[in-house]
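Everything below concerns the one structure shown next.
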Amino acid sequence: QRDGRQIPLTRLQGALLEILEQEAPRIVPHARLIERAWGAAGADMAALQTQVYELRALVDRPFAQPMIKSVRGVGYRVVAPE
């Protein structure tokens, strides 16, 4: 939920967002996100980028202030909207 609006997420999108929120405002490295969200099944960077792109479409684009920030070459982090 954001700004009183329910946002439906897939299990994987929810897991990624939960990991980012638990670590906020720290940066979560790509490898840790993959390890924690996909577990033993694993994934690659392209899969992570695709899921973050789709997650941003749901939780950032409809709103004035984005929450999910990229840290180039390192990972992602969540920041509180201003």
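Reckoned from all heavy atoms, side chains included, excluding hydrogens, waters and symmetry mates. For clarity, every value in this text was computed on a predicted model and none was experimentally measured.
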Legend entry - Same apolar cluster (I L V M F W Y, side chains within < 4.5 Å links), L58/F63: yes
Inset, instruction - State yes or no: do I7 and L12 share one hydrophobic cluster built from I, L, V, M, F, W and Y residues joined by side-chain heavy-atom distances below 4.5 Å, directly or via other members? - result: yes
Legend entry - Residue that, paired with Y76, satisfies side chain to side chain contact (heavy atoms under 4.5 Å, CB included) out of I19, V28, L33: L33
Inset, instruction - Carefully, step by step, assess D60 and K69 under the rule salt bridge (charged side-chain N to carboxylate O under 4.0 Å, His left out). - result: CA-CA 10 Å; D60 276 351; K69 303 285 186 179; over 6 Å; no
Legend entry - Value rounded to 0.5 Å, distance of CE in M67 from CZ in R2: 5.5 Å
Inset, instruction - Consider only side-chain heavy atoms of I, L, V, M, F, W and Y, link residues closer than 4.5 Å, and tell whether M45 and I68 are in one cluster. - result: yes
Legend entry - Separation of R32 CZ from L20 CG (nearest 0.5 Å): 10.5 Å
Legend entry - Considering all heavy atoms, the nearest P62-R5 contact: CB-NH2, 3.7 Å
Inset, instruction - Under the side-chain contact (heavy atoms from CB on, under 4.5 Å) rule, what do L9 and L16 come out as? Steps first, then yes or no, please. - result: CA-CA 10 Å; L9 301 176; L16 287 168; over 6 Å; no
Legend entry - Heavy atoms of other groups near R61 CZ, more than 12 under 6.0 Å: yes
Inset, instruction - Over all heavy atoms of both residues, which pair between R11 and A37 is shortest? Give the atoms and the distance, please. - result: NH1-O, 4.2 Å
Legend entry - Closest heavy-atom pair and its distance - R26, R77: O-CB, 3.4 Å
Legend entry - Name of the residue among V52, L55, V59 meeting side chain to side chain contact (heavy atoms under 4.5 Å, CB included) with Q13: L55
